[in-house]
2 protein chains.
Amino acid sequence: MPATERSTRDRLLDAFETLLVTAGSRAATLDAVAAEADVSKGGLLYHFPSKDELVDAMLERLREMGAADAERMAAAKNGPVAYYLETSVNNGSDFDRALTAAARIAQENDSRAGAALADLRDGWFAVLREHLGDEALARTIQLIGDGLYFDDTTGLAEKSALKHVRAVLKRLDVL
Amino acid sequence: MPATERSTRDRLLDAFETLLVTAGSRAATLDAVAAEADVSKGGLLYHFPSKDELVDAMLERLREMGAADAERMAAAKNGPVAYYLETSVNNGSDFDRALTAAARIAQENDSRAGAALADLRDGWFAVLREHLGDEALARTIQLIGDGLYFDDTTGLAEKSALKHVRAVLKRLDVL
DNA sequence: TGAACTGTACCGTCTGGACGGTATAGTTGA
DNA sequence: TCAACTATACCGTCCAGACGGTACAGTTCA
């Protein structure tokens, strides 16, 4: 196991996420995932004996990334709110991709994915609420973040959205 | 076309939407749609010769509902903002179902569905902006609506979210 | 030391079922 | 009579998953 390269296992999870994000869950077949990762189907099934376990592994990796993100948010230089809003718009990061992939699966009524997303959201909200000391404001900012994220993932993001949000939050003395 | 009952055509579109919303696009097969609507598969294909035309008809019906909704919003008794926020949370209405169904399809990278959703959003934004005379505020409120909608459709809506948003918007003298 | 063996990491093929769509013959009610 | 269906059979394709290999790096032990 050389530490220098991305492992086959990770490459398979990357490929699964990429297909979910760029083409939807219908297109994320085992064959397609294997091809995207340049691995044979047999190789994929060696690492993940079923599609279900592929999903589980993806969500597990997402949870790890989410916990790390909440920590970075709490310690962010310009404060948690600015960090949260900036990271709510899609940067093309691994974390964004994992998040969007999980949302795709959640929409197929997968309770595991729904639970993972809920836990991530709870983590962010805890930081916002702790920092602001104001539940109404924390909830509202979280909704704005959700809106930014939703617009991005549905491909209809308004470029100036973040600028407008900042202007309004300044009126509320939050930024 | 008797006005007293829902036509078979409408029942088929209803069934298609219901399956998309409750089980995701993978589950919305032609067989499943026909069964949900209590129509034979042949009957379904009589009305919609292909799945593509079923999608087109659904989006067309959505656009009609959307235009009517924007009109109601502009003329709402308590103002467009209150109307917009209230209708951003899922009421289980036909319109909500159609909207969510279209979002499901849009996420499978269907450009028709994406365009339909974009047009709906543009309609709402025009009303918000006209009423508020403030682009930053209009964009922010639209983002909050998007957030409310997103949370509902991913099954993790916070019950008190609307109340909190109202409190914050009052501080901004919007409500 | 080196033959026998073990475990890990794959590859390529096959099967059974589901899905979209076609076809066609028959039924029902205005 | 004719539009609006029902019912059933079928076809080609795609997909999840099972299966039987292969390659090869270590380990064991006589």
Side-chain angles (χ1 to χ4, degrees), chain A residues 1-59 61 101 104-105 107-113, chain B residues 1-59 61 101 104-105 107-113:
Chain A
M1 230 191 283
T4 49
E5 290 176 27
R6 207 154 178 83
S7 69
T8 300
R9 188 191 145 91
D10 273 324
R11 281 192 4 258
L12 285 165
L13 290 175
D14 293 346
F16 185 38
E17 289 174 358
T18 296
L19 286 167
L20 282 170
V21 170
T22 60
S25 63
R26 282 187 94 115
T29 67
L30 294 185
D31 279 314
V33 170
E36 175 80 20
D38 251 320
V39 170
S40 73
K41 192 173 180 181
L44 189 166
L45 288 165
Y46 171 80
H47 287 283
F48 308 103
S50 71
K51 200 171 192 181
D52 238 48
E53 299 195 36
L54 183 63
V55 172
D56 283 337
M58 192 198 78
L59 295 177
R61 210 174 61 160
R104 295 282 198 262
I105 290 185
Q107 270 151 358
E108 301 286 331
N109 262 28
D110 184 304
S111 61
R112 297 163 301 169
Chain B
M1 231 193 280
T4 50
E5 289 175 27
R6 211 147 175 88
S7 69
T8 299
R9 186 191 146 92
D10 273 323
R11 280 189 8 254
L12 285 165
L13 291 175
D14 293 347
F16 185 38
E17 290 174 357
T18 297
L19 286 167
L20 283 170
V21 170
T22 60
S25 64
R26 285 189 93 117
T29 66
L30 293 184
D31 279 316
V33 170
E36 174 80 19
D38 250 321
V39 170
S40 70
K41 189 176 180 182
L44 189 166
L45 289 164
Y46 172 79
H47 287 284
F48 307 104
S50 72
K51 200 171 192 182
D52 237 50
E53 299 196 35
L54 185 62
V55 171
D56 283 337
M58 194 199 77
L59 293 176
R61 209 172 65 158
R104 296 283 199 260
I105 290 186
Q107 270 150 359
E108 300 287 331
N109 262 26
D110 184 304
S111 61
R112 298 166 298 170

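Proteins come first, then strands; the chains are lettered A, B, ... in the order of their sequence lines, and each starts at number 1.
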Which whole-number value in Å describes the distance from B/Arg9 CZ to D/dA4 P?
-> 11 Å
For A/Ser50 against A/Leu45, the heavy-atom pair lying closest together = N-CD2, 4.5 Å
Identify, with sequence neighbours excluded, every residue that meets side chain to side chain donor-acceptor pair (under 3.5 Å) alongside A/Ser25.
-> A/Glu108, B/Glu108
Kindly state each residue pair satisfying salt bridge (charged side-chain N to carboxylate O under 4.0 Å, His left out) with at least one member in residues 14-23 of chain A, sequence neighbours excluded.
-> A/Arg6-A/Asp14, A/Asp14-A/Arg61, A/Asp14-A/Arg97, A/Glu17-A/Arg61, A/Glu17-A/Arg97
So which of residues 47-57 of chain B are in contact with DNA chain C, with a heavy-atom cut-off of under 4.0 Å?
-> B/Pro49, B/Ser50, B/Lys51
Looking at A/Ile105, A/Leu30, A/Leu44, which hits side chain to side chain contact (heavy atoms under 4.5 Å, CB included) with A/Phe16?
-> A/Ile105
Rounded to the Å, how far apart are A/Asp31 CG and D/dC15 P?
-> 7 Å
Please determine if a side-chain N or O atom of B/Thr8 lies less than 4.0 Å away from the OP1 or OP2 oxygen of D/dC5.
-> yes
DNA chain C-proximal residues of residues 13-29 of chain B, any heavy atom under 4.0 Å = B/Thr29
So do the side chains of B/Asp52 and B/Arg112 get within less than 4.5 Å of each other, counting heavy atoms only?
-> yes
Whether over 12 other heavy atoms sit under 6.0 Å from B/Arg9 CZ = no
Considering non-hydrogen atoms only, spot the tightest contact between B/Val21 and B/Ala101 and give its length.
-> CG2-N, 3.7 Å
With the side chain counted from C-beta on, respond yes when A/Leu54 and A/Leu13 share a heavy-atom pair under 4.5 Å apart, and no when they do not.
-> yes
Atom CG of A/Leu12 to atom P of C/dA9: distance rounded to whole Å?
-> 12 Å
Distance from B/Arg104 atom CZ to A/Arg104 atom CZ, nearest 0.5 Å?
-> 11.0 Å
May I ask you to list the residues of residues 35-46 of chain A, by number, that have any heavy atom positioned under 4.0 Å from an atom of DNA chain C?
-> A/Val39, A/Ser40, A/Gly42, A/Gly43, A/Tyr46
Where at least one partner belongs to residues 26-48 of chain A, residue pairs that pass side-chain hydrogen bond (donor to acceptor under 3.5 Å, both in side chains), sequence neighbours excluded | none
What heavy-atom pair brings A/Val33 and A/Ala15 nearest, and what distance separates the two atoms?
-> O-CB, 3.7 Å
Roughly how many Å is it from CG in B/Leu30 to P in D/dA7, rounded to a whole number?
-> 17 Å
